[in-house]
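Keep in mind that what you see is a predicted model, and the values were worked out from it rather than measured. Order of the sequence lines fixes the chain letters, A, B, ..., with proteins taken first and strands second; residue numbering starts at 1 for each chain.
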Amino acid sequence: MSEQDQVGRGIGTDDWVAQHEDRVGAPQTGMARLAQQWTRLPALARWGIPLVIFLSVPFIGSSDYILRIGVNLGLFVLLALGLNLVVGYSGLLDLGFVAFYGFGAYAYAMLSSEQFGVHLNSLVALVIVISTTASFGFILGLPSRRLTGDYLAIATLFFGQMFAVFVVSSDEFQLPGMSDTVDLTGGANGITQVDQISVLGFTFETNLSYYLLVVALVVFFTVATKRIHFSRHGLAWRSLGEDAVAAQHMTIPTVRLKLLAFTIGAGVAGLAGAIFASVQQGVYPSEFMLPLLITIYAALILGGLGSIPGILLGAFIMVVLPEVLRFPDYSNGIFLAVLVISVVATVKSWKVLVWAFGGMVVIGFLVNGVLLAMQVPYLAAKEWITGPLAPVLGSWVFMPENRVLFGNIAFVALVGLAAWMSIMSRRSRIIVLPLALWLAIWTWEVRLLLEPSVTRQLLIGALLIVLMASRPQGLLGKPRVEVL
Amino acid sequence: MQYFLTQFANGVVFGGVYALIALGYTLIYGVLQFLNLAHGEVYMMGAFFGFFTMTTLGGPSMSILPVPLMILIMFLVAMGGSALLGIGIERFAYRPLRRSSRLAPLISALGVSLFLQSAALLLFSSRVRLYDSNLFLSVQSGITVFGVHIDTAEIMVVVGALLLMVILWFLVNRTNLGRAMRAVAVDQDAAVMNGIDVDRTVVWTFGIASALAGAAGVMSGLLMYPIDQYIGVFAGLKGFTAAVLGGIGSIPGAMLGGFLLGITEAMVTAYLNPTYSDFLAFFILVIVLLVRPRGLLGRPALVKV
């Protein structure tokens with residue numbers, strides 16, 4: 001309990017709403033209890049532990065690859081924090097945000113590469129990049145004076161699309177009245193051989209140096225966001241996000257605040273873009289399109305809009321999960337572990353657990369028997385599985401020779417069953433749980449492991465749907481309770 | 001002049017496809033005030049449903065049925081399949097979120113579109129497919145108006161699109177279901193109090209919108225456009241642009257927007273730089289939005305506070 005809570009619920013907080021979580025009652029499942037323990041830790045520990053872990057990553061023998069993922073994660077967090085000001089606080093649905101990231105990257109690349117033969121001092125280049133990106137943010141913010149809600153989202157979405165189309169097709173840029181074309185952006189090939197950032201004689205070359213730079217920036221912006229949260233501007237932004245009309249009645253200068261949010265958000269994205277261009281020493285148009293926007297929004301909403309730890313957690317999930325799923329050996333173990341943990345964490349009685357897993361094993365052997373009796377051609381264990389799980393799974397999972405056909409049928413059945421289970425009564429859900437578990441594992445082994453890249457996307461998509469349906473406010477977000 | 005007319009005809013044909021997709025966006029937006037960003041993926045699945053119906057029936061070259069019947073069945077299966085898909089999406093991804101914030105269903109929609117894309121990749125493999133409709137709808141056949149040749153597939157697309165629009169107009173304006181849809185669009189709570197089953201109306205809305213998207217998918221296939229998992233993204237964006245251009249939530253607006261977008265695109269491609277045709281479409285849209293924020297035929301939203 002913070003000091004503010006003891007004095008009262010604070011200005012602008014409704015008692016009934018604030019006490020909502022207490023009334024709902026103590027959490028039941030294992031996961032929720034663990035989460036409760038975590039919130040009881042002092043704030044310093046809650047922020048310090050992750051920071052120490054992240055700072056120690058380079059020094060426990062991590063490969064360059066892991067550091068690179070760390071850099072990506074950090075840049076992603078910066079983007080999410082910037083977008084949080086616009087969407088999470090001010091409630092302005094900006095779907096063109098990725099364009100600023102791309103703009104920053106391209107601006108930095110143009111100012112320090114052979115594209116135009118310009119090699120500016122990095123600090124000067126960074127200042128120019130950040131200020132131009134921020135002014136672009138200001139310009140894009142202008143329509144927000146008139147457009148609200150979905151219409152603003154649409155206008156900004158199309159701005160983002162325009163940026164993408166422009167970048168791809170501007171390798172032969174021609175202004176009216178000009179006779180020859182100029183190669184502005186390198187078209188689909190992008191700009192290569194971009195100079196790396198160098199400050200006061202120190203050039204950022206290794207992934208380690210970028211990692212530390214990015215961690216420092218993330219700490220800075222996290223603290224800054226934390227400070228903004230209860231500041232005059234933070235309160236004004238959040239009131240704007242809650243209800244723009246009411247905010248205006250409280251004499252809050254809404255237009256100025258909207259523009260400020262757009263400008264700062266764009267500036268942060270520009271900075272992240274410049275660092276990105278410097279890390280990979282090049283910019284390519286395909287990196288700044290819709291998929292990235294989707295991932296950022298997913299991270300933001302997944303963690304809980306407006307909640308800073310939520311943003312960090314969401315970014316971590318969205319960046320690290322796809323990387324982990326890249327390797328079949330890992331992903332197999334992780335999939336099974338997550339499946340078991342999520343069942344154990346959500347089921348309350350041990351009888352149900354025994355029923356679920358016992359039933360699952362029995363169904364597996366039953367299916368093996370049936371398919372063997374039907375003389376379906378199959379693969380021997382050593383032909384399809386290696387690694388520590390091989391002895392267990394090899395004897396239990398029936399691997400048909402035609403993995404694609406059987407896997408596709410199982411996949412459709414699994415999706416159907418999962419959807420059906422979501423509308424069943426609790427009792428019948430428990431009854432079909434063993435079947436669902438077995439079908440999930442079978443589909444995974446037979447079909448999904450064959451195509452890891454497709455599976456990654458499939459899982460991210462499914463995760464978004466399931467998470468939104470079960471916790472629309474995000475993992476760490478506060479549920480929205482309204483007094484009628 | 002003949003060049004202009006040919007391009008104009010092309011624009012009208014594409015416009016019909018865009019308009020059908022746009023109608024789906026507009027219907028769902030009108031009833032639920034919610035942007036169904038997964039709509040393009042339903043279109044993509046519709047194109048696949050049509051394709052597999054055709055190959056099952058022995059098409060494109062050795063159809064076991066007469067050609068018109070085969071095409072009719074393709075349309076029916078694709079529309080039915082898409083409708084079921086749309087209803088399923090609504091039931092499992094959007095309905096649990098109907099009372100939550102605006103953002104949650106949007107994210108869920110992004111999840112659905114990612115899921116459908118990768119599911120299609122998993123189930124149908126990454127091979128690009130073609131309807132090969134020239135094998136049963138000869139390009140030479142068709143009619144010539146003012147020296148412009150319009151082949152059978154194009155006629156079919158335009159006539160089919162117009163027919164579906166007429167049916168839709170009738171559904172919305174002349175049936176009880178349409179009245180219920182309009183009532184839910186105005187005020188959900190008031191509709192409930194007047195004995196309208198909101199869930200049922202929403203299910204029908206999603207079914208109709210998705211069926212239109214499925215029909216559009218088959219049409220683009222018949223126009224010999226290649227089909228893969230990612231066509232939904234671009235088609236969705238185009239349909240969405242058309243819907244917004246005409247004024248999202250307005251049914252005549254979506255039709256107007258679709259045809260306008262198709263014709264503009266054809267003209268830009270024909271007379272200006274073709275690489276900028278997408279760019280210009282978005283540019284026009286942003287300008288229209290700035291001047292008339294509710295689109296060409298959209299009614300200004302008056303909110304009483």
Considering all heavy atoms, the nearest B:F115-A:F411 contact: CZ-CZ, 4.1 Å
Which portion of B:S126 sits near chain A, non-hydrogen atoms under 4.5 angstrom: neither
Rounded distance [0.5 Å steps], CD1 in A:I465 versus CD1 in B:I107: 12.0 Å
Exam field: side chain B:R91 to backbone A:I423, donor-acceptor pair closer than 3.5 Å: no
Gap between atom CG of B:L97 and atom CE of A:M468 - 0.5 Å precision: 7.5 Å
Proximal component of A:V168, with respect to chain B [non-hydrogen, under 4.5 Å]: neither
Exercise: identify the closest heavy-atom pair between A:G461 and B:L114: N-CD2, 3.8 Å
Proximal component of B:Y29, with respect to chain A [non-hydrogen, under 4.5 Å]: side chain
Choice from A:L464, A:V454, A:I294 maximising heavy atom contacts with chain B below 4.5 Å: A:V454
Heavy-atom neighbours of B:F51 CZ exceed 12 at 6.0 Å: yes
Smallest separation among heavy atoms of B:L121 and A:E451, with atom names: O-OE1, 4.5 Å
Pairwise distance CD(A:Q457) to CG(B:L122) - rounded to 0.5 angstrom: 11.5 Å
Option in B:G88, B:S108, B:P105 with maximal non-hydrogen atom pairs under 4.5 Å from chain A: B:S108
Portion of B:V112 that has a non-hydrogen atom of chain A nearer than 4.5 angstrom: both
Atom group of A:L467 that falls short of 4.5 Å from chain B, counting heavy atoms: neither
Heavy-atom contact with chain B under 4.5 Å, split by part of A:V415: side chain
B:F34, CZ atom: more than 12 neighbouring heavy atoms under 6.0 Å: yes
Heavy atoms of other groups near A:M421 CE, more than 12 under 6.0 Å: yes
Reported CG-to-CG distance for the pair B:L37 and A:L95, which is rounded to 0.5 angstrom: 8.0 Å
Side chain, backbone, both or neither of A:V404 within contact of chain B (heavy atoms, under 4.5 Å): neither
Proximity breakdown for B:I248 and chain A, heavy-atom pairs closer than 4.5 Å: both
B:L106 vs A:I301 side-chain heavy atoms within contact, under 4.5 Å: no
Atom CZ of A:F138 with >12 non-hydrogen neighbours under 6.0 angstrom: no
Within 6.0 angstrom of A:R429 CZ, more than 12 heavy atoms from elsewhere: yes
Contacting moiety of A:L459, where chain B heavy atoms sit under 4.5 Å: neither
Smallest separation among heavy atoms of A:S422 and B:F92, with atom names: OG-CD2, 3.3 Å
